[in-house]
Amino acid sequence: MGDTKKTQKTDWFKGMKAEFRKIVWPDQKSLTRQTIAVVSVSVALALIIKILDMIMTIGIDLLVTL
């Protein structure tokens with residue numbers, strides 16, 4: 001019974017190693033472009049959310065003071 005557990009672990013690690021060999025890592029140029037795109041979109045969305053938050057805060061303040 002102990003052999004089957006050891007075999008299962010060994011097979012699992014062999015499978016994991018085989019999957020890691022299939023990974024295609026991006027080159028530095030595409031990685032840099034993708035990183036810049038992600039950061040740019042994140043900053044743009046943060047600014048949009050901040051502007052909407054400011055507009056809603058002003059609107060709620062106006063409604064409360066009525």
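Atoms considered below: every heavy atom in the structure, side chains included; atoms not considered: hydrogens, waters and symmetry mates.
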> Roughly how far apart are Leu52 CG and Lys50 NZ, rounded to 0.5 Å?
Replying inline: 11.5 Å

> Side-chain heavy atoms under 4.5 angstrom apart, residues restricted to Ile, Leu, Val, Met, Phe, Trp, Tyr: same cluster for Trp12 and Ile23?
Replying inline: yes

> Any side-chain heavy atom of Thr65 within less than 4.5 Å of one from Asp61?
Replying inline: no

>> If hydrophobic clusters are built by linking Ile, Leu, Val, Met, Phe, Trp and Tyr wherever their side-chain heavy atoms come under 4.5 Å apart, do Phe13 and Phe20 end up in the same one?
In response: yes

> Just wondering, do Met16 and Glu19 contact through their side chains at under 4.5 Å, heavy atoms?
Replying inline: no

> Between atom CD1 of Ile51 and atom CD1 of Ile55, what is the distance when rounded to the nearest 0.5 Å?
Replying inline: 7.0 Å

>> Exactly one of Gln34, Lys29, Gln28 should register a side-chain contact (heavy atoms from CB on, under 4.5 Å) with Thr32. Which one does?
In response: Gln28

> Say you draw a straight line from OG1 of Thr57 to CG of Leu62; how long is it, rounded to the nearest 0.5 Å?
Replying inline: 11.0 Å

> Roughly how far apart are Ile49 CD1 and Met56 CE, rounded to 0.5 Å?
Replying inline: 9.5 Å

>> How close do Ser40 and Ile36 get, counting heavy atoms only, and between which atoms?
In response: OG-O, 2.7 Å

